[in-house]
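Since the structure comes first, as structure tokens, the remarks are kept for the end.
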Amino acid sequence: MAMNESKDFLRTKVEEDLKAGRYTHVVTRFPPEPNGYPHIGHAKSICINFGIANDYHGECNLRMDDTNPTTEDTQYVEALKDAVEWLGFEWEGGVRYTSDYFERLYEYAMQLIKMGKAYVDSLSEEEIREYRGSVTLPGKRSKYATRSIEENVELFERMKKGEFADGQHVLRAKIDMSAANMQLRDPLLYRIRHTSHQRTGDTWCIYPMYDFAHCLSDYIEGISHSICTLEFENNRVIYDWILDTLGLTQQRPYQYEFARLNINYTVMSKRKLLELVNKGLVSGWDDPRMPTLAGYRRRGYTPQSIVHFCDTIGIAKANSIVDVAQLEFAIRDELNLAAPRVMCVLNPLKITIENYEGSELLEASYYPEDVPKEGVRLLPFSKEIFIEREDFDENPPKDYYRLTPTQPVRLKHAYIIECKEVIKDTTGKIIQLKAHYYPNSKSGEDRSGIKVKSAIQWVEEKSAKEIEVRLYDRLFEDESPKGSEDISPYSLKIIRNALIEPAVIDTKLDERFQFERLGYFYADPIDYSDKHPVFNKIVGLKESWGKKAQSTQPNKMEKKVQIDGKVVPMSQAQHAFFEHYTHTLGLNSEIANTLARDERLSSFYAQTLEEFNSPIPLANTVANEVARELKDKTLKELKFGAKEVAQLIKMVEDEIISSKIAKEVFEEMAKSGEAPQTIVQIKGWMQISNPQILQSIIDEVIAKNPDNVAKYKAGNTKLFGFFVGEVLKATSGKANPKMVNELVGKTLQS
RNA sequence: UGGGGUAUCGCCAAGCGGUAAGGCAUUGGUUUUUGGUACCAAUAUUCGGGGGUUCGAAUCCCUCUACCCCAUCCA
């Protein structure tokens with residue numbers, strides 16, 4: 001499927017790495033912690049990791065990140081494996097476990113200790129917290145950080161042997177207690193837990209922390225790209241620190257982060273999901289309203305539809321909330337082409353067709369004309385039938401297409417009928433209709449000439465089967481639900497005696513059907529039996545009628561008021577610079593401001609002025625281009641100096657090169673440190689300012705793009721830039737842009 | 001308040017100095033024995049705000065704003 005030309009940033013990175021030869025082989029991993037049931041957010045991660053591995057002919061491992069024995073359980077391991085398989089992916093080799101690496105991890109920890117890069121701390125939990133400081137205050141180091149290597153080795157060995165109680169000691173990396181990034185304040189590497197582990201049993205009583213175990217597990221498995229969610233961005237520095245410190249730098253993995261999936265009307269956190277289950281608000285982890293994969297599966301979503309959904313939502317770093325409608329679209333889109341159409345009546349209203357006698361079997365296609373699938377079933381028909389109560393209205397609203405006392409309707413696959421009498425009970429409730437049919441209106445051989453507005457579903461009384469239908473709707477009413485308190489009372493409606501045409505039950509053509517005009521339904525994999533068929537509503541059909549009435553106008557764009565914050569005032573010295581720049585040198589206040597506030601820029605600027613007296617152009621270049629280089633470099637690290645910048649500007653002033661070329665020369669200069677003249681000469685970047693040459697190129701461009709010329713002449717002035725751009729492209733940027741502008745303007749006018 | 005991120009249509013999302021992709025949703029219309037599907041069309045003079053650089057800025061520079069993450073012996 002070559003759907004989108006555009007690639008996500010992860011794939012872009014992988015391609016770059018492959019091309020640059022940093023890796024010959026892509027290895028990713030899906031590393032869940034087995035402490036909860038996988039949900040659709042996991043599906044996104046699975047699709048990314050396995051998807052990338054597939055796309056680049058690499059592999060993806062499935063690894064259980066089981067470093068915390070107090071919260072993890074084997075039942076989740078099974079659920080996770082199921083989820084990956086169900087979605088149709090295959091992991092490389094057997095399932096991996098972080099616990100498989102405990103021995104090696106222990107050795108790496110020992111290595112760090114011996115390097116003096118890790119120490120056993122014996123502070124209490126509260127003390128550790130206190131010592132860590134806060135986001136604004138630096139922390140302070142534990143007195144135990146000064147223990148000798150020998151002492152640390154011995155203590156860590158004894159921790160392993162189980163000589164200490166939980167919490168008595170921990171192993172920490174020795175990094176920086178005053179680091180601005182909190183993660184770097186001597187992160188914990190190991191803690192004591194006298195808890196039996198689901199796989200290693202009682203072999204270990206010390207367990208590695210995520211930060212320590214994850215990067216090393218990735219390294220051990222030969223992972224090339226370690227992809228995780230945004231909240232681990234801050235942890236990346238430790239990931240790198242551990243690998244680098246241990247010298248594991250060859251073919252090492254790097255971490256990349258993407259935004260986790262959020263969907264409106266849905267909760268995704270393990271905690272909230274667990275709460276729903278524990279409080280009995282749903283029937284279990286596989287309740288069809290749950291966003292768990294087990295839930296979607298039971299509801300009737302296909303794995304392909306979930307994968308397709310994941311493909312459509314994209315991968316990026318912006319926190320976002322995807323509209324459920326997008327998920328619903330994915331399953332509808334698939335089922336539209338796959339599901340047989342069948343007739344079911346949820347809320348029956350009986351009709352007696354007074355002028356019909358006997359019975360017949362009508363042949364009806366399972367699929368509409370526009371679905372390229374074949375298959376038919378027989379529909380019993382007689383004078384006693386049921387239609388949907390909603391499909392009759394005695395006092396219809398405007399634009400009601402269905403049956404009314406004066407409006408006939410077609411019974412799908414059968415005849416056109418019209419209402420003759422409405423029978424009500426004493427309370428006024430309609431209990432039955434009497435109708436007449438048109439004998440010559442039979443479906444497929446209609447000679448009645450009657451135009452009906454719609455065709456409705458129906459079932460024949462004697463042959464219809466009773467089924468249970470579970471009508472599921474979104475679990476939460478609130479678009480961004482907090483939790484169980486927002487549960488929608490309409491999320492489940494059970495209809496115990498809906499009526500369905502017999503073929504569905506007798507033939508069992510499929511597990512998923514479209515109940516015509518109602519939606520897509522799925523035979524419940526657990527509760528369904530021949531005696532008591534149960535169908536789950538997967539998703540309704542798209543509805544366009546009735547929507548108009550309630551469609552709330554999206555509130556007229558209220559302009560968001562932007563508050564302008566206070567700018568920190570300039571120091572006296574800065575102010576002096578500013579004054580000098582604006583008054584003496586004639587710089588505009590913005591450039592003057594930028595220069596004045598940054599010491600490095602102002603001193604650099606002063607140096608350029610000594611080389612070449614052209615204050616304004618030099619200021620512009622320093623405040624823009626040089627400032628960019630200085631963002632992640634120091635003055636000393638710059639490959640070029642004031643002299644080169646001055647020379648560059650002089651070439652622009654002398655009209656040897658255009659400002660566009662100057663930009664490229666500058667970039668080259670910053671990279672190689674070469675003198676600007678040399679760069680221009682080597683690259684042959686001399687400006688083309690010969691009007692004859694330019695004009696011929698312009699004529700060519702114009703001749704090649706008659707459509708755009710027409711559009712331009714019709715008023716699309718934006719296209720001006722297009723023509724200029726084309727000409728510049730044709731000359732590899734060497735054309736004098738000012739002149740091109742002028743000439744293009746003139747040419748297009750004529 | 002320190003650090004790390006993010007901001008392009010109602011919702012996702014491309015875009016990397018030269019005509020603002022695409023999908024979902026919405027709105028018209030055409031086909032239709034599903035108020036479905038399919039098809040056609042509409043929908044950002046503008047990219048969080050303000051300045052600046054440039055012939056030309058969503059893209060480069062400055063600045064402000066909003067939101068998310070980090071102070072578990074969780075992952």
Side-chain angles (χ1 to χ4, degrees), chain A residues 3-6 33 35 65 67-68 71 125 128-129 132-139 166-167 170 179-183 185 188 190-193 209-210 214 230-236 257 259 264 312-314 316-323 325-326 329 332 336-337 341 368-371 399 401 410 412-413 443-444 446 452-457 514 516-517 541-546 551 554 560 562-567 588-591 593-594 597 620-621 623-625 627-628 658-660 663 708 711 716 718-726 728-729 737-742:
Chain A
M3 331 175 291
N4 236 335
E5 295 295 322
S6 57
E33 184 190 14
N35 72 344
D65 204 3
T67 57
N68 185 359
T71 55
E125 208 171 326
I128 287 180
R129 215 190 319 275
R132 188 147 35 216
S134 75
V135 288
T136 46
L137 265 25
D166 286 10
V170 289
N181 181 343
M182 297 290 293
Q183 315 285 345
R185 322 254 255 229
L188 274 63
Y190 267 90
R191 77 287 217 189
I192 301 171
R193 283 269 155 95
M209 302 289 290
Y210 168 85
H214 205 90
L230 247 31
E231 64 270 27
F232 292 100
E233 270 176 324
N234 296 319
N235 299 55
R236 190 173 59 230
E257 310 87 12
N264 57 8
T312 64
I313 55 175
K317 293 191 72 149
N319 277 314
S320 55
I321 302 167
V322 175
D323 195 336
Q326 189 124 0
F329 171 81
R332 269 195 211 111
N336 174 48
L337 290 175
R341 317 291 141 113
E369 296 253 349
D370 50 2
V371 172
D399 292 330
Y401 290 175
R410 172 175 294 283
K412 178 108 186 168
H413 297 125
S443 191
D446 182 2
V452 289
K453 287 229 172 81
S454 71
I456 61 173
Q457 78 273 28
Q514 185 195 110
E516 293 240 20
R517 305 210 303 135
L541 258 30
K542 200 172 154 187
E543 248 178 286
S544 50
W545 192 64
S551 81
K560 272 180 259 162
Q562 282 262 6
I563 309 151
D564 267 3
K566 279 232 165 52
V567 180
N588 76 44
S589 61
E590 192 63 29
I591 295 286
N593 189 44
T594 305
R597 281 172 185 277
N620 287 341
T621 304
N624 288 291
E625 318 305 307
R628 179 174 58 241
S658 66
S659 59
K660 184 188 177 79
K663 235 165 199 192
N708 282 341
K711 276 194 217 161
N716 189 350
K718 280 186 290 190
L719 253 17
F720 194 83
F722 163 79
F723 292 111
V724 176
E726 287 300 302
L728 279 155
K729 230 182 274 174
K738 261 186 208 162
M739 201 172 280
V740 172
N741 257 281
E742 233 170 82

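Below, chains carry the letters A, B, ... as their sequence lines are ordered, and counting in each starts from 1. Values in this document were obtained by computation on a predicted structure and should not be read as measured data.
Between A/Ile128 atom CD1 and B/C74 atom C1' the separation is 15 Å, expressed in whole Å. With rounding to whole Å, A/Asp564 atom CG is found 12 Å from B/G48 atom C1'. Rounded to an integer number of Å, the gap from CE of A/Met209 to C1' of B/A75 is 9 Å. Rounded to an integer number of Å, the gap from CD of A/Glu590 to P of B/G51 is 10 Å. In this structure, the CG atom of A/Asn336 is 14 Å from the C1' atom of B/C39, given to the nearest Å. Atom CD of A/Gln326 and atom C1' of B/U26 are 14 Å apart (whole Å). Between the P atom of B/C24 and the CD1 atom of A/Ile321 lies a distance of 21 Å, rounded to the nearest Å. Computed from coordinates, the A/Lys453 NZ to B/G35 C1' distance equals 12 Å when rounded to whole Å.
Summarising the base pairing, B/U33 is matched to no nucleotide, lacking a Watson-Crick or G-U wobble pair whose two defining distances lie under 3.5 Å. Partner assigned to B/U1 is none, using Watson-Crick or G-U wobble distances below 3.5 angstrom. Of the nucleotides present, B/U6 is the one that pairs with B/A66 by Watson-Crick or G-U wobble criteria, both distances under 3.5 Å. Base pairing annotation: B/U19 forms no Watson-Crick or G-U wobble pair, as no partner gives both donor-acceptor distances under 3.5 Å. B/A25: no Watson-Crick or G-U partner with both key distances under 3.5 Å is found in any strand. Across every strand in view, B/A57 sits unpaired, with no contact that passes the Watson-Crick or G-U test at under 3.5 angstrom.
Stacking is not found between A/Tyr210 and the pyrimidine-like six-membered ring of the B/A75 base under the 5.5 Å centre-distance and 30° plane-angle cut-offs.
The residue A/Lys412 sits close to a base: some heavy atom pair falls under 4.0 Å. A/His214 comes within contact range of no nucleotide atom at all, as no heavy-atom separation falls under 4.0 Å. Among the atoms of the strands shown, none is found under 4.0 Å from any heavy atom of A/Arg597. When heavy atoms are screened at a 4.0 angstrom cut-off, A/Ser134 is found touching base atoms of the nucleic acid. A/Arg628 comes within contact range of the sugar-phosphate backbone alone, with a heavy-atom separation under 4.0 Å but no base atom that close. As judged by a 4.0 angstrom heavy-atom cut-off over every strand, A/Val170 is placed among the base-contacting residues. Within the nucleic acid shown, A/Glu516 comes within 4.0 Å of at least one base atom, counting heavy atoms only. Here A/Thr67 lies in heavy-atom contact (under 4.0 Å) with sugar-phosphate atoms only. Note on A/Tyr401: a base of the nucleic acid sits closer than 4.0 angstrom, heavy atoms only. Within the nucleic acid shown, A/Gln514 comes within 4.0 Å of at least one base atom, counting heavy atoms only. Heavy atoms of A/Gly139 sit nowhere under 4.0 angstrom from any nucleic acid atom.
A donor-acceptor pair under 3.5 Å is formed between the side chain of A/Arg185 and the backbone N or O of A/Ala179. Side chain of A/Asn741 to main chain of A/Val724: no donor-acceptor pair is present (N/O by atom type, distance under 3.5 Å, no hydrogens or angles). A donor-acceptor contact shorter than 3.5 Å links the side chain of A/Ser454 to the backbone of A/Tyr401. Using a distance-only test at 3.5 Å, with no hydrogens or angles considered, no donor-acceptor pair links the side chain of A/Arg517 to the main chain of A/Leu541.
The separation of B/A21 from B/U6, taken at their P atoms, amounts to 24 Å, rounded to a whole angstrom. For the C1' atoms, the distance from B/A44 to B/A14 is 14 Å, rounded to whole Å. B/U65 and B/G23 have their C1' atoms separated by 30 Å, given to the nearest Å. Using atom C1' as the reference point in both B/U19 and B/G56, the two lie 13 Å apart (nearest Å). Nucleotides B/C68 and B/C73 have their C1' atoms positioned 26 Å apart, rounded to a whole Å. B/C62 and B/U54 have their C1' atoms separated by 16 Å, with the value rounded to a whole Å. Nucleotides B/U8 and B/C47 place their P atoms 12 Å apart, quoted to the nearest Å. One C1' atom belongs to B/G52, the other to B/C11, and the distance between them is 34 Å to the nearest Å.
Each of A/Ala623 and A/Ile591 was matched to the nucleotide of RNA chain B holding its nearest heavy atom; the match closer to the 5' end belongs to A/Ile591. Of the two residues contacting RNA chain B, namely A/Asp166 and A/Arg236, the nearest-nucleotide position lying further toward the 5' end is that of A/Arg236.
Residue A/Ile321 qualifies as open at atom CD1: its count of foreign heavy atoms under 6.0 Å is 12 or below. The number of heavy atoms from other shown groups lying within 6.0 Å of NZ (A/Lys738) does not exceed 12.
Between A/Met182 and A/Asn234, the closest side-chain pair of non-hydrogen atoms is not below 4.5 Å.
Atom CG of A/Asp446 and atom CZ of A/Arg410 lie 5.0 Å apart (nearest 0.5 Å). Note: A/Thr67 OG1 to A/Glu33 CD = 6.0 Å, rounded to the nearest 0.5 Å.
Within the structure, a side-chain polar atom (N or O) of A/Arg191 is placed less than 4.0 Å from OP1 or OP2 of B/C74. Distances shorter than 4.0 Å separate none of the side-chain N or O atoms of A/Asn234 from OP1 or OP2 on B/G3. Applying the 4.0 Å criterion to OP1 and OP2 of B/G35, one finds that A/Arg517 has a side-chain N or O inside that range. Side-chain N/O atoms of A/Lys542 include one lying less than 4.0 angstrom from OP1 or OP2 on B/U26. Between A/Asn588 and the phosphate of B/U53, there is a side-chain N or O to OP1/OP2 separation shorter than 4.0 Å. OP1 or OP2 of B/C73 has at least one side-chain nitrogen or oxygen of A/Arg132 nearer than 4.0 Å. Here A/Thr136 does not reach the OP1 or OP2 of B/G3: none of its side-chain N or O atoms lies under 4.0 Å away. For A/Arg129 and B/U72, the shortest distance from a side-chain N or O to OP1 or OP2 is below 4.0 Å. Close to B/G36, at under 4.0 Å from its OP1 or OP2, lies a side-chain N or O of A/Ser544.
The side chain to side chain donor-acceptor pair (under 3.5 Å) search around A/Arg597 returns A/Asn593, not counting sequence neighbours. Applying the side chain to side chain donor-acceptor pair (under 3.5 Å) rule to A/Gln326 yields the partners A/Thr312; only residues at least two apart in sequence or on another chain are considered.
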Could I get a table of every N or O pair under 3.5 Å where one atom is in the protein and the other is in nucleotides 17-19 of chain B?
{"from": "B/G17", "atom 1": "O6", "to": "A/Lys663", "atom 2": "NZ", "distance (Å)": "3.4"}
{"from": "B/G18", "atom 1": "O2'", "to": "A/Gly721", "atom 2": "O", "distance (Å)": "3.2"}
{"from": "B/G18", "atom 1": "N7", "to": "A/Lys660", "atom 2": "NZ", "distance (Å)": "3.2"}
{"from": "B/G18", "atom 1": "O6", "to": "A/Lys660", "atom 2": "NZ", "distance (Å)": "3.2"}
{"from": "B/U19", "atom 1": "O4", "to": "A/Asn708", "atom 2": "ND2", "distance (Å)": "3.3"}

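Ion pairing between A/Glu233 and A/Arg236 fails under the 4.0 Å rule for side-chain N and carboxylate O.
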